[in-house]
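This structure is a prediction, so every number in the text was calculated from the model and none was measured. Counting starts at 1 for both ligands and their atoms, following the listed order. Every heavy atom of this structure was used, including side-chain atoms; hydrogens, water molecules and symmetry mates were not.
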Amino acid sequence: MKRFLCVLSLVLVCACLYAQDVKLTILHTNDIHGQMTPLDYVNKNFSMTNVGGAARRATLINTIRKETKNRVFLFDAGDISNRGQLVNFFAEPEIKVMNYMKYDLMTVGNNDLKLDEHLPNKSPEAVNILKKRISEANFPVISANVYDKITNKRSFTPYVIFKEKGVRIAVVGFTSLKCRNYVQTVNLTFTDPFEEMDRVLSELKGKYDFLIVLSHLGDLSDYVLASKYSEIGLIIEGDFHTFLEEAKFIPHGTPSNKYIGGTLIVQDGEFGVKLGKIDFTLSKSPDKSYKISKYDYKLIPITDKYQADKNVETILKVYFDQQKAK
Ligand SMILES: [Zn+2]
């Protein structure tokens, strides 16, 4: 009997330890800027013909969701519109397509605050257009460092906490300080992201196990954030339109064979040419927070091997037809 109880408790201890690992997949985009259709893409590092397009992206995302056993999140790090084929609809088609793809979260990019940029008269009304778009979105649109000048309250939801197998994953949004100079944002205040991070950490104290920043601050600020705050496990960034083919790694303390011992930074370039995908395992650390113990990250080119999703084409056709009729 004694031996049986011993074996039983060993099994329970092992099961408990095993249960502490949580595997997740995050798919991510940034700086799509209203690029709805495939394009021939060229930058100083590579060129690709006939890549991207919202309809193919939807197919790739659905395929990954079907094939992946982990919970799959889909995030966008900002600048969904303000250029592109359907710019005259002020991000309405972008939000419709994102709803269809079941995005979980988006952060406010600097260009999302000036959806009227293509018009001759730009005005602070642009922020209300974004707020209308947010009301149409089936997912939260976050930023912690944007405040209303009159009420002194935050203009957007600052962060969201997801739960997966009992692990609380907090995602905080940040928006670039270059918005301070826009005609459209005269009624808003943009706070320093580092001061804001201190505030967010005190607000979230005891409420999360793993912290992600969905950032539209730009590369350098993200690097400083990652260096300064060991609490941040992952930064998914936008704004600089950089294709980070490998994750940047900012070390914190000594890595062990259990944890990578630092913060990862990932970014998916621009215009929906590729889709960011990070699969990772979270393991419980002695301080009871969760840290990344393993990861696999890549940017997947959205080529014509992914067939166009017919539902996305139908959503977009309405807008393309309206545009033609004008
Ligand atoms: Zn951008």
**Report entry** Connected via hydrophobic side-chain network under 4.5 Å: V22 and L27
**Finding:**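 Different clusters.
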
Query raised in the report: Under a 4.5 Å side-chain heavy-atom rule over Ile, Leu, Val, Met, Phe, Trp and Tyr, are Y295 and I250 clustered together?
Result: yes

Kindly confirm whether the Zn ion (ligand 1) is within less than 2.8 Å of some N/O/S atom in [X]?
| X | result |
| --- | --- |
| H241 | yes |
| D239 | no |
| E270 | no |

Query raised in the report: Looking at Y103 versus F75, is the centre-to-centre ring distance below 6.0 Å?
Result: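 Distance test on ring centres: not under 6.0 Å, no.
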
**Report entry** Name of the D79 atom (N/O/S only) found closest to the Zn ion (ligand 1)
**Finding:**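 Of all N, O or S atoms in D79, the Zn ion (ligand 1) lies closest to OD2.
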
**Report entry** Shortest-distance N/O/S atom, D31 versus the Zn ion (ligand 1)
**Finding:**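 This turns out to be OD1.
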
**Report entry** SB check D239 K178 (cutoff 4.0 Å)
**Finding:**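 A salt bridge is present here (some side-chain N lies under 4.0 Å from a carboxylate O).
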
Query raised in the report: So, does S215 use its side chain to make a donor-acceptor pair with the main chain of L217 at under 3.5 Å?
Result: yes

